[in-house]
Student: 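Can you keep this structure in mind? I'll have questions shortly.
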Protein chains: 2
Amino acid sequence: MDRRQRKTREAIFSAFTELLSKKDFNQITVGEIIDRADIGRATFYSHFETKDFLLKEFCEELFCHIFDTENSVQNHHKHIFSCDGSGSVFLHLFQHLQKNDNNILALLSSQNNELFMRYFKSNLELLIESHFSLFESSKNKNMPLSFWKNHIISTFVETIKWWIDNGMKESPELITEYFFMVV
Amino acid sequence: MDRRQRKTREAIFSAFTELLSKKDFNQITVGEIIDRADIGRATFYSHFETKDFLLKEFCEELFCHIFDTENSVQNHHKHIFSCDGSGSVFLHLFQHLQKNDNNILALLSSQNNELFMRYFKSNLELLIESHFSLFESSKNKNMPLSFWKNHIISTFVETIKWWIDNGMKESPELITEYFFMVV
DNA sequence: TCGTTACTGAACATATTGTTCATTAATACT
DNA sequence: AGTATTAATGAACAATATGTTCAGTAACGA
């Protein structure tokens with residue numbers, strides 16, 4: 001990839017992230033993005049068909065980053081099958097979120113975007129599906145699997161939202177406890 | 001209220017409902033609303049400051065309708081304290097939704113709007129709070145009340161969404177069962 | 001060095017928003 | 001029934017946002 005392209009793309013993503021932390025996606029204009037990224041209007045449109053495509057690609061890169069490291073073999077062994085009894089993929093995700101790389105909290109907080117949520121949930125589903133035992137809970141006996149899956153994912157997302165909206169005062173460990181109390 | 005005002009307001013609400021069942025709130029323009037409602041542009045703005053205020057008032061009227069009848073004294077006695085064992089406020093809501101008065105399903109389905117969701121959840125909270133016993137569950141002992149409340153409401157909303165997205169093939173009774181299995 | 005590719009910036013058509021105002025028509029009140 | 005009030009109209013308006021076009025310039029890779 002041409003260095004110029006890369007730089008432009010990064011400038012756009014960076015400007016977009018900053019703006020997302022300040023206001024809702026729908027309130028953000030292309031004009032604001034290119035001003036902040038300091039690029040020409042035509043340049044923006046040569047990279048992204050519309051603002052929605054920008055969000056789409058932004059989500060893809062972001063989740064690729066988060067869920068790939070999360071799902072990699074090392075982390076798999078280190079966190080999911082850890083023997084201290086409290087380790088779990090959920091705890092690890094809560095810990096990751098607390099760091100707030102990439103301003104992901106702004107996107108996850110309840111103000112924000114539906115498309116983003118869909119991406120987040122579908123990535124979460126892929127991640128959780130690789131730990132199939134979760135879906136073989138006794139609770140699963142008398143209800144459709146998709147209902148049960150949806151329930152776990154939604155509860156996880158809502159737990160995150162509650163955590164954020166309440167100032168993230170609790171430790172990731174405590175949040176994980178709360179999560180497992182209701183799931 | 002002047003009959004002309006009432007008619008205009010109804011025409012706007014009706015056009016808005018039709019459009020909401022076809023596309024996302026953000027995609028709807030004032031132009032489309034006034035075309036479909038067959039009113040002048042200035043008329044629209046004399047009724048609603050912006051499109052967002054329209055949504056706000058629309059939600060208020062809609063939820064007032066649903067939750068008021070739900071929470072009225074008669075229904076209170078009839079459904080919540082019914083003695084057949086299966087009756088509950090949740091079942092009644094699922095039944096109400098199945099009828100799809102006011103195209104509420106389009107609004108609740110996962111495509112749609114955040115503001116709407118906030119209204120729905122906050123009304124739900126008020127309704128559920130009046131049945132305080134729900135919040136005195138044994139599950140509540142070791143976690144914040146607000147977390148528990150949020151969990152019940154979110155699970156209810158996600159159950160509805162799952163139901164809609166899966167074609168509403170299940171009966172309200174069965175959905176209520178699923179709901180109580182995970183809550 | 002040279003051919004290719006990306007960025008520029010300015011201009012452009014189009015669409016949407018929200019306002020204004022003089023005119024017309026329906027309504028409420030007595 | 002007559003009158004004062006209130007609402008709707010539609011056309012025009014400025015302001016803002018979108019997405020496109022294109023010729024010129026600069027950076028890139030080989």
Side-chain angles (χ1 to χ4, degrees), chain A residues 1-61 106-107 111-116, chain B residues 1-61 106-107 111-116 118-119:
Chain A
M1 198 179 197
D2 196 306
R3 186 195 295 137
R4 290 168 296 178
Q5 270 189 320
R6 220 182 326 117
K7 279 194 170 179
T8 300
R9 196 181 166 85
E10 270 165 27
I12 292 174
F13 275 177
S14 164
F16 187 52
T17 306
E18 282 177 53
L19 288 165
L20 273 174
S21 72
K22 289 202 179 64
K23 50 167 82 174
D24 191 85
F25 172 76
N26 297 307
Q27 318 286 332
I28 297 171
T29 66
V30 175
E32 288 174 302
I33 297 171
I34 65 177
D35 281 353
R36 199 170 280 258
D38 197 30
I39 57 163
R41 182 166 202 78
T43 309
F44 177 89
Y45 282 104
S46 79
H47 277 258
F48 302 101
E49 210 171 317
T50 66
K51 217 177 58 179
D52 291 276
F53 279 89
L54 167 60
L55 178 63
K56 188 174 178 297
E57 297 197 25
F58 179 79
C59 288
E60 275 164 6
E61 282 204 7
L107 282 160
Q111 310 301 328
N112 263 293
N113 192 278
E114 189 58 41
L115 174 64
F116 179 84
Chain B
M1 196 180 198
D2 196 307
R3 186 195 294 137
R4 291 167 295 178
Q5 271 189 321
R6 219 182 325 117
K7 278 193 171 181
T8 300
R9 195 180 166 87
E10 270 165 27
I12 292 173
F13 276 178
S14 164
F16 186 53
T17 307
E18 283 176 52
L19 288 166
L20 272 175
S21 71
K22 288 200 180 64
K23 50 167 79 174
D24 192 85
F25 172 76
N26 296 307
Q27 317 288 333
I28 296 171
T29 66
V30 176
E32 289 174 302
I33 297 171
I34 65 177
D35 282 353
R36 200 171 279 258
D38 196 30
I39 57 162
R41 181 165 203 78
T43 310
F44 177 89
Y45 282 104
S46 79
H47 277 257
F48 302 101
E49 211 171 317
T50 66
K51 217 176 58 178
D52 292 276
F53 279 89
L54 167 58
L55 178 63
K56 188 173 177 299
E57 297 198 25
F58 179 79
C59 288
E60 275 165 6
E61 283 205 6
L107 282 162
Q111 310 302 328
N112 264 293
N113 192 276
E114 189 58 40
L115 173 64
F116 180 84
R118 270 208 291 282
Y119 270 101

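Worth knowing before you read on, the calculation uses all heavy atoms, side chains too, and leaves out hydrogens, waters and symmetry mates. Each chain gets a letter, A, B and so on, in the order the sequences are listed, and its residues count up from 1.
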Student: Could you check whether B:Glu32 pairs with B:Lys22 (Lys NZ or Arg NE/NH1/NH2 to Asp/Glu carboxylate O, under 4.0 Å)?
Tutor: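 Salt bridge between B:Glu32 and B:Lys22, a charged N being under 4.0 Å from a carboxylate O: no.
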Student: Measure the shortest side-chain to side-chain distance between B:Ile39 and B:His47 over non-hydrogen atoms and say whether it is less than 4.5 angstrom.
Tutor: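 With C-beta onward as the side chain, the pair stays apart.
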Student: In whole Å, what is the span from the CD atom of A:Gln5 to the P atom of D:dA27?
Tutor: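 For the pair A:Gln5 CD and D:dA27 P, the rounded distance is 16 Å.
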Student: Using the side-chain contact (heavy atoms from CB on, under 4.5 Å) criterion, which residues pair with B:Thr50? Sequence neighbours excluded.
Tutor: B:Asp52, B:Phe53
Student: I need the CD-C1' distance between B:Glu10 and D:dA7, as an integer number of Å.
Tutor: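 Interatomic distance, CD of B:Glu10 to C1' of D:dA7: 16 Å.
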Student: Whole Å only: how far is the NZ atom of A:Lys7 from the P atom of D:dG29?
Tutor: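 Rounding to the nearest Å, NZ of A:Lys7 and P of D:dG29 are 11 Å apart.
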Student: D:dA7 C1' sits how many Å from B:Phe44 CZ, rounded?
Tutor: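 For the pair B:Phe44 CZ and D:dA7 C1', the rounded distance is 16 Å.
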Student: Which residue lies toward the 5' end of DNA chain C, A:Ile39 or B:Met1, if each is placed at its nearest nucleotide?
Tutor: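 Here A:Ile39 is the residue nearer the 5' end.
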Student: In sequence, state the C-alpha distance, the side-chain angles, and the governing distance for A:Glu60 and A:Lys56, and then conclude on salt bridge (charged side-chain N to carboxylate O under 4.0 Å, His left out).
Tutor: CA-CA 6 Å; A:Glu60 275 164 6; A:Lys56 188 174 178 297; 3.2 Å; yes
Student: Below 3.5 Å is the cut-off: list the nitrogen or oxygen pairs between protein and nucleotides 17-21 of chain D, distance only.
Tutor:
{"residue": "D:dT18", "atom": "OP2", "partner": "A:Val30", "partner atom": "N", "Å": "3.1"}
{"residue": "D:dG19", "atom": "OP2", "partner": "A:Tyr45", "partner atom": "OH", "Å": "3.2"}
{"residue": "D:dG19", "atom": "N7", "partner": "A:Arg41", "partner atom": "NE", "Å": "2.9"}
{"residue": "D:dG19", "atom": "N7", "partner": "A:Arg41", "partner atom": "NH2", "Å": "3.4"}

Student: Would you confirm whether A:Ser14, through its side chain, and A:Ala11, through its main-chain N or O, come within 3.5 Å as a donor-acceptor pair?
Tutor: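 No, the answer is negative, given that no donor and acceptor are paired below the 3.5 Å cut-off.
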Student: Kindly indicate whether the side chain of B:Phe16, heavy atoms from C-beta on, has any atom under 4.5 Å from the side chain of B:Leu55.
Tutor: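 B:Phe16 vs B:Leu55: side chains touch.
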Student: What's the CD-C1' distance between B:Gln27 and C:dA15, to the nearest Å?
Tutor: 14 Å
Student: Please give, in whole Å, the distance from D:dA8 C1' to B:Arg3 CZ?
Tutor: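 So the two atoms are 15 Å apart, to the nearest Å.
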Student: Look at the side-chain N and O atoms of B:His47 and state whether any lies under 4.0 Å from the OP1 or OP2 oxygen of D:dA7.
Tutor: no
Student: Measure the distance from CG on B:Asn26 to P on C:dT16 and round it to the nearest whole Å.
Tutor: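 For the pair B:Asn26 CG and C:dT16 P, the rounded distance is 14 Å.
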Student: If you take atom types as modelled and just measure distance, does the side chain of B:Arg4 reach the base of D:dA8 with a donor-acceptor pair under 3.5 Å?
Tutor: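 Under the 3.5 Å cut-off, the side chain and the base do not form any donor-acceptor pair.
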Student: Can you tell me if the side-chain N/O atoms of A:Ser46 get under 4.0 Å from OP1 or OP2 in C:dA6?
Tutor: no
Student: Could you report the tightest heavy-atom contact between A:Gly40 and A:Ile34, atom names first, then the distance?
Tutor: O-CG2, 4.2 Å
Student: Check the phosphate of C:dT8 against A:Thr43, side-chain N and O only, distance under 4.0 Å to OP1 or OP2. Yes or no?
Tutor: yes
Student: In whole angstrom, give the distance that lies between atom CG of B:Asp35 and atom P of D:dT9.
Tutor: 12 Å
